[in-house]
Amino acid sequence: MNAAHSAPRHVARSIITPVRFICFTALALVLGGCRDGTPPTGPRVQPDLRPSFATLTAATNGKIAFMSSRNGGSIYLMNPDGSGLAMLPTTPFPMLPDWSPDGSKLAFARNGEISVINADGSGETALTTNALATHPSWSGDGTELAFGTIRDGNDEIYIMNADGSGQTNLTNHPSSDTEPAWSPDGTKIAFRSDRTGTTQIFVMNADGTAPTMLTNFIGLNDGPSWSPDGTKIVWHGTVTGSHLWVMNADGSAQTRLTNTVAILNFLPAWSPDGTKIVFSRLFSGGDTDIYVINADGSGETQLTSGPDRDFAPAWQRVPLDSDGDGVLDGADLCPNTPSGASVDVDGCTPQQSLSQLIAQVTALASGGTLTSNQAAVLKTTLTAALASIADGNRTAACGQLGAFINKVQALVNSQTLSAPTGAALQAAASATRVQLGC
């Protein structure tokens with residue numbers, strides 16, 4: 001096995017300073033070389049009527065967390081445009097941060113253990129002991145974490161509950177399996193493996209079954225990250241130099257995104273609305289900064305600069321504060337309730353569910369997914385259903401919700417809405433119809 005394939009495993013086993021992390025990764029490429037090759041052409045179900053935080057619509061509105069060598073090594077936060085830089089008060093050398101789906105916590109690796117902190121840096125809690133762990137990744141519902149570990153003598157992928165309990169080996173293979181990335185719906189985990197003799201991107205079921213190779217590039221393939229709708233995976237590959245690539249979730253339509261020549265274009269992560277990708281770039285001399293591009297590779301923008309090594313970005317998803325109380329809590333799942341009101345044990349009322357749908361459609365328009373006219377058509381139908389409920393005309397409300405479901409399907413058919421987004425809207429409308437006894 002050449003250096004280009006073995007060094008990332010070494011990096012995963014050495015939860016170390018940013019300087020050494022960058023040097024080891026760059027050394028793998030410089031010493032190992034990258035041979036040219038021919039690139040290929042080409043929810044976990046929520047039974048509750050209330051949507052989980054993971055399914056609430058969010059725009060590109062959260063903070064970007066990243067690792068920096070500033071002040072001896074810490075996690076920093078910044079706004080999506082690079083402004084508002086702030087250091088989180090964590091213990092030294094936290095690595096590879098990953099936001100929880102509701103944006104309230106960060107998981108990271110430090111000294112071979114997985115820990116979590118609150119979004120403000122408080123409440124640090126170690127979840128593992130003697131795990132030799134790295135690369136934490138949250139499940140879509142925020143109840144579990146996947147991570148890489150060498151506790152068994154080679155790189156394996158484990159999962160555990162969000163409190164650290166129930167740690168389970170998924171891969172159990174003599175090869176190097178690491179860098180897990182959990183799909184938004186919780187059914188799949190993408191990961192990096194050398195089980196075929198080269199380092200490729202694989203995907204498996206969330207229980208570890210049916211591992212399938214997605215890439216077949218010569219050189220390094222690592223750092224997979226799922227788009228928020230679960231239809232695409234972005235990753236770092238070295239077949240034509242170090243670049244970011246994107247493919248469909250089944251491995252088809254593999255396309256290179258970056259063009260700038262650098263030692264590394266690596267560790268990508270998606271924006272919450274799926275329109276942008278943030279990533280790290282290493283130049284010769286060790287300068288490492290955070291960049292962002294549009295999901296099609298256009299509009300590249302540098303977010304950090306200076307002599308510090310800034311890398312491993314993760315983009316926070318902030319759910320809608322539906323009741324406007326400034327607190328993201330259970331009441332936000334049923335909007336238009338008085339501040340501090342608790343949600344009824346039976347879930348949202350039909351009126352609250354419809355208000356939530358209207359808020360989600362508004363957010364889709366604000367994020368550019370829907371035009372104002374498309375959003376207006378959907379919201380008019382939902383508003384009419386609200387009025388029918390207020391008038392006691394349940395039959396009319398049932399018909400209007402059915403019309404909404406059909407209109408959403410038309411937007412999915414025209415590829416205006418992604419299939420997962422359309423399905424989430426339709427599921428919420430269908431659940432409201434069940435509440436109304438349609």
Side-chain angles (χ1 to χ4, degrees), residues 42-43 45-46 51-62 80 101 140 183-185 187-188 225-234 246-255 257 269-278 292-299 315 317-320 322 335 353-386 398-433:
V45 177
Q46 298 288 338
S52 70
F53 278 128
T55 62
L56 289 178
T57 302
T60 306
N61 56 359
S183 66
D185 66 1
T187 63
K188 304 283 185 182
S225 175
W226 293 83
S227 61
D229 64 5
T231 63
K232 296 183 182 295
I233 296 173
V234 65
V246 69
M247 60 183 163
N248 293 332
D250 63 0
S252 63
Q254 297 179 2
T255 305
L257 293 181
W270 294 83
S271 65
D273 63 359
T275 64
K276 297 181 184 295
I277 296 169
V278 65
V292 66
I293 55 173
N294 294 326
D296 63 0
S298 65
W315 208 317
R317 180 185 182 92
V318 178
L320 299 174
S322 301
S353 298
L354 286 173
S355 296
Q356 180 69 68
L357 273 171
I358 291 171
Q360 290 174 321
V361 170
T362 299
L364 288 170
S366 299
T369 300
L370 296 176
T371 67
S372 58
N373 288 338
Q374 290 167 334
V377 169
L378 294 179
K379 288 195 289 186
T380 297
T381 307
L382 294 173
T383 302
L386 270 174
C398 289
Q400 287 148 350
L401 282 168
F404 172 81
I405 290 170
N406 291 336
K407 290 173 182 178
V408 170
Q409 188 59 50
L411 292 172
V412 172
N413 293 342
S414 67
Q415 298 185 338
T416 300
L417 288 177
S418 69
T421 298
L425 294 174
Q426 291 172 318
S430 295
T432 305
R433 282 172 55 86

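If you read the sequence from its start, that first residue is 1, and numbering goes on from there.
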Heavy-atom closest pair, residues [X] and [Y]:
X	Y	value
Ser225	Trp270	O-NE1, 3.0 Å
Val412	Gly422	CG2-CA, 3.7 Å
Ala403	Thr381	CB-CG2, 4.2 Å
Leu257	Asp296	CD2-C, 3.9 Å
Ser271	Pro228	O-CG, 3.2 Å

How far does [atom1] of [X] sit from [atom2] of [Y], to the nearest 0.5 angstrom?
X	Y	atom1	atom2	result
Leu378	Thr383	CG	OG1	10.5 Å
Asp185	Asp229	CG	CG	10.5 Å
Arg433	Gln400	CZ	CD	11.0 Å
Leu411	Leu364	CG	CG	10.0 Å
Leu382	Leu401	CG	CG	7.0 Å
Lys407	Leu425	NZ	CG	14.0 Å

Exam field: side chain [X] to backbone [Y], donor-acceptor pair closer than 3.5 Å:
X	Y	answer
Gln426	Ile405	yes
Asn248	Asp250	no
Ser298	Asn294	no

Would you please name every residue forming a side chain to side chain donor-acceptor pair (under 3.5 Å) with Thr371, sequence neighbours left out?
->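 Gln374.
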
Check side chain to side chain donor-acceptor pair (under 3.5 Å) between Ser418 and all other residues, then give those that pass, not counting sequence neighbours.
->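 Partners of Ser418 under the side chain to side chain donor-acceptor pair (under 3.5 Å) test: Thr421.
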
Are side-chain heavy atoms of Leu417 and Leu370 found at a separation under 4.5 Å?
->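 Counting from C-beta outward, Leu417 and Leu370 do come under 4.5 Å.
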
Show the numbers, then the answer: is there a side-chain contact (heavy atoms from CB on, under 4.5 Å) between Val292 and Trp315?
-> CA-CA 11 Å; Val292 66; Trp315 208 317; 3.9 Å; yes

